[in-house]
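Inspection log for the structure reproduced underneath, given as structure tokens.
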Amino acid sequence: MSMTEFVKPLKLRAHDTEDMRVIAGVLQDALVPLSDVTYLKAEKRFILVANRFRWETDSGLPPENTSPAAASEPATAGTGSDVDAQEVEDASFAEDAPYERVNCGVCFDKVRSVQVRNIDMGRKDQILNLLTVAAADKAIALHFSDGGVIRLEVSAYRCHLEDLGEPWPTSSRPHHPTEDTGADQA
């Protein structure tokens with residue numbers, strides 16, 4: 001039996017900052033193709049489709065104490081298991097793939113404007129790594145690796161998230177270093 005049989009697809013709504021923290025946890029480490037990101041200005045709606053890691057089928061929470069040497073996705077970058085390279089590249093054939101990913105639609109409503117920093121919106125072939133979602137002062141910031149940020153100015157917090165389709169197996173679990181890397185130092 002796979003984990004898919006035990007955990008239903010997620011369907012969430014967020015209406016305040018506390019709800020947005022739940023959305024942030026669910027979307028942590030999601031892969032977001034820039035081609036699947038759009039702002040519908042007339043509808044005041046910002047939409048994206050993310051390939052999210054299903055934390056709820058793992059421990060239920062993103063990793064807290066991981067080794068600094070641990071590799072992050074993609075799976076080909078060292079999985080810490082004895083699965084051969086071909087199986088890692090195509091997790092759908094790996095019988096021991098203990099984790100899952102699923103496509104997830106995310107819609108932010110009541111969006112007045114969108115600002116982008118450190119992301120070339122013209123490069124639709126990019127895949128962004130979503131680190132977190134932060135909500136404060138009528139704004140929602142989507143923080144991506146390499147310093148990319150998409151900031152949504154909103155009149156109210158309105159977010160809808162829904163899993164799309166069936167999850168698929170992956171042998172790779174996202175990891176985050178816990179040691180200070182000196183990034184804050186001038």
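Below, each value reflects all heavy atoms present in this structure, side chains not excepted, and no hydrogens, waters or symmetry copies. These figures come from a predicted structure and were not determined experimentally.
- Atom CG of Asp146 is surrounded by 12 or fewer heavy atoms from other residues, nucleotides or ligands within 6.0 Å.
- Both Phe108 and Val114 sit in one connected hydrophobic cluster of ILVMFWY residues. Membership requires side-chain heavy atoms under 4.5 Å apart, directly or through other members.
- Atoms NE2 and CE, on His15 and Met20 in that order, are 11.0 Å from each other to the nearest 0.5 Å.
- Salt bridge annotation for Arg173-Asp29: absent, with no cationic side-chain nitrogen under 4.0 angstrom from a carboxylate oxygen.
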Problem - Ile150 vs Phe144, side-chain contact (heavy atoms from CB on, under 4.5 Å): CA-CA, chis, key distance, verdict - result: CA-CA 8 Å; Ile150 298 176; Phe144 299 92; 3.9 Å; yes
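- For the residue pair Ala156 and Lys138, the shortest heavy atom distance occurs at CA-NZ, 4.2 Å.
- No side-chain donor-acceptor contact under 3.5 Å links Asp137 to the backbone of Ala139.
- Between Val154 and Ile140, the shortest heavy-atom distance links the atoms CG1-CD1, 4.1 Å.
- A 6.0 Å sphere centred on NZ of Lys41 holds no more than 12 heavy atoms belonging to other residues, nucleotides or ligands.
- When side chains are defined from C-beta on, Asp109 counts as touching His160, because their heavy atoms get closer than 4.5 Å.
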Problem - Audit row: Met121, Arg123, side-chain contact (heavy atoms from CB on, under 4.5 Å) steps and yes/no - result: CA-CA 5 Å; Met121 297 301 285; Arg123 285 199 45 222; over 6 Å; no
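- No continuous path of hydrophobic side-chain contacts links Ile47 to Tyr157 [ILVMFWY only; heavy atoms under 4.5 Å].
- Annotation for Cys159 and Val106: closest pair SG-CG1, 3.8 Å, computed over non-hydrogen atoms.
- If you take OG on Ser113 and NZ on Lys44, they are separated by 10.5 Å, rounding to the nearest 0.5 Å.
- Both Ile119 and Val111 are members of a single hydrophobic cluster when ILVMFWY side chains are connected at heavy-atom separations under 4.5 Å.
- Heavy-atom minimum distance, Glu56 versus Asp163: OE2-OD2, 4.5 Å.
- How far OG of Ser35 is from CD of Gln126: 10.5 Å, rounded to the nearest 0.5 Å.
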Exercise for the section: Given side-chain contact (heavy atoms from CB on, under 4.5 Å), test Arg54 with Arg101 step by step and report yes or no. Expected result: CA-CA 5 Å; Arg54 293 185 78 204; Arg101 282 193 168 271; 5.8 Å; no
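- The two residues Ala135 and Thr17 make their nearest non-hydrogen contact at O-CG2, 3.7 Å.
- The hydrophobic cluster containing Leu48 also contains Leu152, counting ILVMFWY residues as joined when their side-chain heavy atoms lie under 4.5 angstrom apart, directly or transitively.
- Checked by atom type and distance alone, the side chain of Asn129 never pairs as donor or acceptor with a backbone atom of Leu31 at under 3.5 Å.
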Practice task
Show your working on side-chain contact (heavy atoms from CB on, under 4.5 Å) between Leu10 and Arg52 and close with a plain yes or no.
Solution key: CA-CA 11 Å; Leu10 286 184; Arg52 75 174 187 85; 3.2 Å; yes
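- Separation of atoms CG (Leu161) and SG (Cys104) is listed at 3.5 Å; rounding is to 0.5 Å.
- Formation of a donor-acceptor pair under 3.5 Å by the Trp55 side chain with backbone atoms of Leu27 is not found in this model.
- Smallest separation of non-hydrogen atoms from Pro98 and Ser171: CD-CA, 4.0 Å.
- Between Phe53 and Tyr99, the ring planes lie tilted relative to each other; the angle falls in the 30° to 60° range.
- Rounded to the nearest 0.5 Å, atoms SG (Cys107) and CD (Glu43) are 8.5 Å apart.
- No donor-acceptor pair closer than 3.5 Å links the side chain of Arg117 to the backbone N or O of Val149.
- Residues Val49 and Val32 are members of separate hydrophobic clusters, defined by side-chain heavy-atom contacts under 4.5 angstrom among Ile, Leu, Val, Met, Phe, Trp and Tyr.
- For the side-chain contact (heavy atoms from CB on, under 4.5 Å) with Leu130, the qualifying choice from Leu128, Thr132, Val133 is Val133, the only one to do so.
- Atoms CZ and CG, on Arg21 and Asp16 in that order, are 8.5 Å from each other to the nearest 0.5 Å.
- Contact of the Ile23 side chain with the Val26 side chain is not registered, since no non-hydrogen atoms from C-beta on lie closer than 4.5 Å.
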